[in-house]
Amino acid sequence: MAVKKPHHVQLVEACPGCGEDTEHQVRLQIMEENTGPDDESRSFSREPYRVSECSVCGETETMRMNNA
Ligand SMILES: [Zn+2]
């Protein structure tokens with residue numbers, strides 16, 4: 001398998017899947033969100049998400065960046 005230079009960052013974080021600190025590949029991802037019908041402004045908004053994938057078990061955590 002070819003090794004290409006990743007554009008994500010490697011960080012050591014706690015992994016709920018492994019139950020210990022493991023290396024994670026962290027990247028940012030912009031996702032379009034459809035605000036639900038309860039929301040009066042039903043528009044798509046682009047939200048930045050922080051995606052962190054455990055390099056040991058592959059568990060992926062997605063966390064919204066701007067949860068005010
Ligand atoms: Zn893990």
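Just follow the structure's listing: the first ligand is 1, and inside any ligand the first atom is 1. Computed over heavy atoms, backbone and side chain alike; hydrogens, waters and symmetry mates excluded. Source: prediction; values computed, not measured.
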Exercise for review: State, yes or no, whether a side-chain contact exists between Met65 and Leu28 at a heavy-atom distance under 4.5 Å.
Suggested key: yes
Point to revise | Side chain to side chain, Glu59 and Pro16, heavy atoms closer than 4.5 Å | key: yes
Point to revise | Spacing of CD belonging to Glu53 relative to SG belonging to Cys15, to within rounding of 0.5 Å | key: 10.5 Å
Study note, to complete from the structure: Here the Zn ion (ligand 1) sees protein N, O or S atoms within less than 2.8 Å, and their number is 4
Revision key, fill the gap. Closest non-hydrogen atoms of Met31 and Thr62, given as atom of the first, atom of the second and distance, are CE-CG2, 3.9 Å
**Study point:** Met63 vs Ser52, side chain to side chain contact (heavy atoms under 4.5 Å, CB included): CA-CA, chis, key distance, verdict
**Key:** CA-CA 8 Å; Met63 193 167 57; Ser52 153; over 6 Å; no
Practice item. Ignoring hydrogens and angles, tell me if any N or O in the side chain of Thr22 forms a donor-acceptor pair with the backbone of Cys54 under 3.5 Å. Key: no
